[in-house]
Each structure stands twice: as structure tokens, then as C-alpha cells.
Amino acid sequence: MLCYDFFAMSNLEISKIFRNVAASYIIKNEKKFRFQIIAYQNASEIIKNLTSSLYETYKLGKLSEIPGIGQTIKSHLEELFKTGKVRHFNWVFKGIPNSVFILMEIPSLGPKKAFKLVKKFKLTNSDTVINDLKKISHLGKIAKMEGFGKKSEASLIRSINEYENQAGKLKKMNLPYALETANKIIEYLKRNEFVDQIEVLGSLRRKKETVGDIDIAISSKNPRSVIEYFIKYPFIERVIEKGRVSASILIFGGVQVDLMIQPRESYGSLLQHLTGSKEHNIKLREVALKKGLSLSEYGIRKAMKHKNILKTYDTEKKFYNAIGLEFIPPELRENNGEIELSMANMLPKLVELKDIKGDLHIHSSYPIEPSHDLGHDSIESILKKAALLNYEYIGFSEHNPSISKHTEKQIYEILAKRNDFIEHKIESIKNVRVFKLLEVDILPNGNLPINNSTLNLLDGVIVSVHTSFNLSRDKMTKRILNALLNPKAKILGHPTGRLLEERLGYELDWDLIFDFCNRNKKAIEINSWPKRLDPPPEIIKKGVENNVKFIINTDSHALEQMDLMKYGIYMAKRGWATKNDILNCLSYNKIYSWLKGGE
DNA sequence: GCCGTTTTCGGCCCGACTGTTTTCAGTCG
């Protein structure tokens with residue numbers, strides 16, 4: 001069917017269309033369309049970062065609930081979904097070959113340069129445009145163009161090569177990898193005598209699930225020496241740029257590292273500036289402007305008059321206070337309402353790692369003959385580790401025994417035997433209490449593979465989807481609600497099934513899920529596994545607003561993975577959760593009575 | 001083209017760096 005193509009249009013594709021609309025306006029008349037450009041760029045970013053499908057949102061009639069999408073863009077989207085095209089965009093794109101947008105993928109090529117090159121050399125074949133440009137650049141023809149030169153030609157050749165080498169592996173880093181990479185660079189920089197204070201900023205400090213590049217801030221009296229030292233980093237591939245107060249390098253593995261330096265007295269404004277997010281900073285500067293203040297990484301000036309008087313701030317707290325705001329935790333800085341709340345001193349007190357009293361999703365090596373993978377370490381060693389982490393309790397939740405290889409009676413016996421084993425081992429580690437749980441598959445029809453008399457051996461179960469991921473939103477929601485209907489099903493494990501940079505999660509009707517969880521005292525897991533970090537913080541935030549309870553688990557399959565709890569905490573913070581929203585901040589007794597069907 | 005607890009009209013963040021320029025354009029964050 002013809003209409004299938006645009007129904008299937010992904011958020012990413014639509015985001016690109018909007019980016020191209022903005023680029024076309026830049027090419028046509030940047031001044032005249034200045035604000036349309038901002039609006040479309042903004043919409044493009046927002047759509048790229050949405051956690052649910054734009055098309056689903058359209059079908060539900062909720063497009064106008066998305067910030068950044070107003071009347072005009074909404075009607076363009078409706079036209080796109082109904083007819084597969086937008087007449088207005090056809091006008092915007094007129095005279096601009098598609099190959100321009102392909103060239104823009106190359107770093108250092110923006111809309112204007114890309115358009116100039118396409119026009120000059122008639123590079124209108126989208127499939128070959130990059131190769132065509134590469135050939136031309138080697139002929140020395142670009143250096144002769146107005147506005148270009150020998151240096152820009154050479155840098156273009158390098159950019160094309162880098163782009164071609166990177167193509168296909170343009171994936172972002174997961175948090176642990178990014179943190180480790182950043183720490184190595186920090187260790188190196190700290191050995192320079194002129195480095196005073198130093199910190200990792202950007203999305204890494206905000207604890208985004210994936211990180212594109214590494215931002216580092218330094219306070220120093222001698223930025224020149226620090227930058228010279230920075231570009232001698234042993235694992236450097238090349239210097240991207242190098243200036244008075246900042247520099248960027250590319251290190252092995254294709255990771256970009258940005259460095260900014262300020263004197264100690266301006267360090268607070270530098271931290272604020274480089275932590276972002278971009279959206280947070282823009283909003284913050286708009287708010288400040290209305291109070292007659294102009295913000296930058298240097299400090300605060302009075303807007304308009306007295307442009308030359310700069311007040312500096314050595315800490316972020318002082319900087320925020322100077323605008324009349326309370327300090328905003330980095331995890332909240334996404335322009336999701338944190339600025340408005342901080343003006344009213346109403347920011348939530350976010351959950352901390354030290355608030356966690358136990359971990360309810362651990363796979364031990366106990367021979368449970370599971371449907372999926374077994375854990376690596378023994379129940380006993382896990383209990384010892386839990387004691388080291390000062391946990392009050394722990395939940396063993398191996399995958400359910402496989403139903404294809406066992407009879408119902410055998411499954412019952414395996415679990416009865418595990419109960420005996422656990423109860424015996426508890427004797428040795430008295431200070432850590434144990435919950436006897438299980439991670440049970442949710443079958444495609446929403447049933448559980450384990451019968452109720454066997455489930456009754458357990459304190460409770462985590463139910464998770466491990467197969468048939470591509471059901472419709474409706475069917476998947478029903479499937480999960482059906483599983484949660486079982487009185488023993490207490491926790492919904494890794495609720496969207498997403499794998500970062502690999503697989504999008506399935507769509508769910510969260511309003512229904514939240515409502516059901518509230519009425520039936522079910523909890524939603526925040527899975528700390530760095531590849532999952534599931535659900536996305538945006539969903540956690542919605543849940544928190546709806547008073548839904550969450551449990552932060554590690555889903556550990558080995559001892560050292562029990563330390564991954566901090567990543568779940570990061571996500572909870574990004575989702576605005578306080579310790580009251582997180583069930584495993586409760587004592588053993590409270591969790592016990594919740595599992596037994598109490599409060 | 002979006003948006004609103006001083007606004008439904010009149011605003012819209014701020015600066016670094018490179019390369020081509022001799023005062024600025026383009027790109028990036």
C-alpha cells in the first residue's frame with residue numbers, strides 16, 4: 001500500500017526533514033528567516049530526542065502537547081502524515097538539490113558552503129555527491145573558489161576522509177566508557193602545574209544515557225600552557241582547533257574532547273556554561289535578559305548599558321543565585337521546567353545512591369536451568385558483596401526455569417529447592433535479608449510461563465518482555481497489563497526493552513500502565529544496566545508526576561555489576577525522582593509488606 | 001515560527017575559533 005511509507009516515517013527521518021527546512025531557509029535568506037530557522041532547528045532537535053513515536057502522538061491527537069511544536073508546524077506534520085508530503089516544504093526546498101543535505105553530514109560543511117559547492121560543480125547526484133566532491137577537491141579546484149582557499153581545501157579533504165572512516169560507526173559512547181575515557185584525560189591534565197581546578201562537564205556531567213563528546217573545564221592562570229599541554233595528549237589523533245581559552249582534539253577511537261579554560265574567579269560561570277544543556281542555557285539566558293542581565297562563560301553583565309562591567313562568579317551556586325535562582329542539579333538541566341521551579345525554590349530533593357537499601361534484580365549462578373542466561377557468581381558471594389554495599393536486603397531474581405525443558409512439576413521442585421538453599425545460606429550472612437524472587441518472561445499473549453502454585457513459593461516476581469518486541473502499542477500494553485494482573489507480579493522489568501544505540505524500545509500507553517500500577521501497587525523497574533538504562537528518564541519523569549513507584553535495580557549477572565546501581569540513580573535523577581518515589585529506599589519491613597500485598 | 005505569572009504582540013543566548021578576509025562569514029557548541 002502506498003501510504004505505508006510515510007506512516008512508517010521515523011522520528012529521526014522527520015527530524016532530518018526539519019533540519020533540512022532550517023538549512024534551506026539559511027541558504028535562501030538567513031536574515032529574513034532568522035526566527036523560522038531557530039524554530040525548525042529547535043523542532044528538529046526536540047523530535048530527535050522524543051521517546052515515543054511522533055506518528056503515534058499524531059494519531060492520539062497530542063502533537064500540540066510537544067513543546068516547540070506550535071500551530072504551523074503541527075499542521076505541516078498533519079499534512080505529512082496524511083499525504084506523505086508538505087506543500088510548504090516543497091516550496092522551501094525549491095532550487096536546493098538534496099545532495100546539499102548529504103554534504104552537510106561532513107563536519108565543517110554547513111548549509112552555505114555545501115550549497116556553494118553543489119552549485120559550482122553541479123553535484124546534484126545524491127548517491128555520489130561525496131565521492132564527486134572528493135575527486136574535485138583533489139584537483140585543487142576548491143581552493144580557487146571565492147571564500148575558500150588552500151587551507152580550507154586541505155581541511156575539507158581531511159573532513160571527508162574522517163567522515164568516510166566514521167560512517168556506519170557514528171555511535172555514541174555509553175556512560176561508563178565515556179566516564180573512563182574522561183578520567184584518563186583528567187589524570188593526564190592534572191599532571192600539568194598550571195591546572196588548578198578541573199571537571200568533566202557537558203552531557204557527561206548531566207549523566208545522559210549516551211555521550212557524543214567529552215567536555216572538560218579547567219581554571220588556570222596560564223591557559224596557554226595548559227592548551228599546549230592538552231594537545232600533547234598521548235592518545236591524540238589530531239588537533240581540531242586551538243585558541244586562546246579553548247581547544248578541541250580528536251583522540252583515538254574518534255572521540256572529540258573539548259577543553260575550556262577560565263581564571264579561578266570565573267570558574268563558576270564556566271562550569272555553568274559548559275554543563276549545558278544548550279536548551280537549558282538558552283532558557284536561562286532568556287530569563288536573565290528579562291531581568292536586565294546578560295550571561296556568558298565569563299560571568300554576568302548588565303544588558304544594554306554598562307556593557308563593560310562584568311561580575312565574575314567562582315562557583316555555580318553563586319552564579320545561579322545572582323540570577324535569583326537556586327542551584328540546579330546538572331541532571332535536571334534540560335529545560336524541562338527546572339528553571340521555573342528553581343525561581344520558586346521548589347526543586348525536588350533528588351534521590352541519592354546512599355538512599356538505596358537493596359537491589360532486587362540479581363542473577364546468581366544457582367543452577368535454575370533458566371530460559372535465558374544464568375548469573376556468574378554464587379548466592380553466597382553476592383550476599384557478601386551486598387553486605388559490603390551496606391544493603392539491608394537483596395532479591396535473587398534469576399530467569400525462570402525454561403518451560404520447554406521442564407515439566408511444571410520439575411519447575412516447582414527446582415524453585416522449592418532454591419528456597420531451601422537460600423534459607424540455609426541466610427544463616428551465614430545475618431545482616432542482609434533475602435527476598436526470593438524470579439524474573440519471569442511475559443509471553444506474547446501476556447500470560448506467564450509459570451503456574452500460580454509455583455509462583456506462590458516466591459516473595460514476588462519481576463515480569464519482563466524478552467521476546468516478540470514488535471507488537472503494536474496497543475497489543476504490547478495489553479500484554480504487559482495482563483502479566484501484571486497476576487498478584488505475584490510486582491515489578492515490571494526493563495519496561496521498554498530498549499538497547500541503547502542498538503534497538504528502540506517498544507511503544508506503550510504509559511497513561512494506562514501508570515494508572516494500573518497505582519491502583520494495584522505495582523512498581524516499575526529502573527534498570528541500571530548501561531546498555532539499557534530503561535525506562536528513559538522522560539518516562540520516569542512522567543511516572544513521578546503520576547505518583548508511580550519505581551525500583552532501581554542492577555540486573556546484575558556478576559558481582560562487579562552490583563556497582564552499576566549508580567547509573568540507575570543517575571536516570572532516576574534525570575527523571576526528577578526523590579527517595580519517596582523509589583521503593584528500594586524503604587526498609588526491609590516495608591518492602592516485605594508491599595510484596596505481601598500490604599501498603 | 002514559537003511563546004507567555006510583567007507579553008496573544010513583540011520579543012527571540014552568547015561566544016570561540018578558523019580561514020578568508022583587512023573587518024567578516026561560516027560553523028560549532
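Lettering follows sequence order; numbering is per chain, from 1. Here the structure is a predicted model, which is why all the values come from computation and not from measurement.
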| task | Return the orientation label for the A:Tyr188 and A:Tyr229 ring planes: parallel under 30°, perpendicular over 60°, tilted otherwise. | result | parallel
| query | Would one find a side-chain N or O of A:His88 under 4.0 angstrom from OP1 or OP2 of B:dG1? | reply | yes
| query | Are the charged groups of A:Arg498 and A:Glu209 less than 4.0 angstrom apart, N to O? | reply | yes
| query | According to the 5.5 Å centroid and 30° plane-angle thresholds, does A:Phe148 stack upon the nucleobase of B:dT20? | reply | no
| query | Does A:Ser246 place a side-chain N or O at less than 4.0 Å from the phosphate oxygens OP1/OP2 of B:dC17? | reply | yes
| Of all the nucleotides listed (B:dC12, B:dG15, B:dG29), which has the minimum atom distance to the side chain of A:Glu297? | B:dG15
| Checking all strands, does A:Ile38 fall into the base, sugar-phosphate, or nothing category for heavy-atom contacts under 4.0 angstrom? | nothing
| Side chain of A:Leu289 (C-beta onward), nearest among B:dC2, B:dG29, B:dC14 | B:dC14
| Does A:Ser294 make a side-chain N or O approach to OP1 or OP2 of B:dC14 shorter than 4.0 Å? | yes
| said: Counting the atoms with a prime plus P, OP1 and OP2 as sugar-phosphate, which does A:Phe33 contact under 4.0 Å by heavy atoms, base, sugar-phosphate, or nothing? | reply: nothing
| request: Verify the ring-centre separation between A:Tyr320 and A:Tyr313: is it less than 6.0 angstrom? | output: no
| request: Taking side chain to side chain contact (heavy atoms under 4.5 Å, CB included) as the test, write out the residues that go with A:Thr181, two or more places apart. | output: A:Tyr177, A:Ile185, A:Ile214, A:Ile251
| remark: Side-chain contact check for A:Pro111: nearest option of B:dG29, B:dT27, B:dG1 is B:dT27
| said: From the set B:dA16, B:dG26, B:dT7, return the single nucleotide nearest to any side-chain atom of A:Lys290. | reply: B:dT7
| said: Under 4.0 Å, counting only non-hydrogen atoms across every strand here, what does A:Glu340 touch: a base, just sugar-phosphate, or nothing? | reply: nothing
| message | Need to verify one output field. Residue with the more 5' nearest nucleotide on DNA chain B, A:Ser296 or A:Ala114? | response | A:Ser296
| Looking for any heavy atom pair under 4.0 Å, which part of the strands does A:Lys291 touch: base, sugar-phosphate only, or nothing? | nothing
| request: In whole angstrom, give the distance that lies between atom CZ of A:Arg285 and atom P of B:dG15. | output: 7 Å
| Which of these nucleotides, B:dC13, B:dG19, B:dG1, is closest to any side-chain atom of A:Ile282? | B:dC13
| said: Under 4.0 Å between a side-chain nitrogen and a carboxylate oxygen: does that hold for A:Lys150 and A:Glu153? | reply: no
| query | Given that A:Leu274 and A:Leu295 both sit by DNA chain B, which one's nearest nucleotide is further toward the 5' end? | reply | A:Leu295
| task | Kindly indicate whether a cation-pi arrangement holds for A:Arg264 with A:Phe194, taking the cut-offs as under 6.0 Å to the six-membered ring centre and within 45° of the axis. | result | no
| field | Separation between the C1' atoms of B:dT20 and B:dA25, rounded to whole Å | value | 9 Å
| said: What contact category does A:Gln71 fall into here, base, sugar-phosphate, or nothing, at under 4.0 angstrom with non-hydrogen atoms? | reply: sugar-phosphate
| task | Consider the side chain of A:Tyr298, meaning its heavy atoms from C-beta on, and name the nucleotide among B:dC13, B:dG15, B:dG19 that approaches it most closely. | result | B:dG15
| query | Closest to the A:Gln36 side chain: B:dG29, B:dT27, B:dG1? | reply | B:dG1
| message | With a cut-off of less than 4.0 Å, is there a side-chain N or O of A:Lys113 near OP1 or OP2 of B:dG26? | response | no
| Does any nucleotide pair with B:dT8 by Watson-Crick or G-U wobble geometry, both distances under 3.5 Å, and what is it? | none
| request: Pull out every residue in residues 220-244 of chain A that has a heavy atom closer than 4.0 Å to any atom of DNA chain B, ordered by number, or say none. | output: A:Glu241, A:Lys242, A:Gly243, A:Arg244
| field | B:dC2 OP1/OP2 closer than 4.0 Å to side-chain N/O of A:Thr72 | value | yes
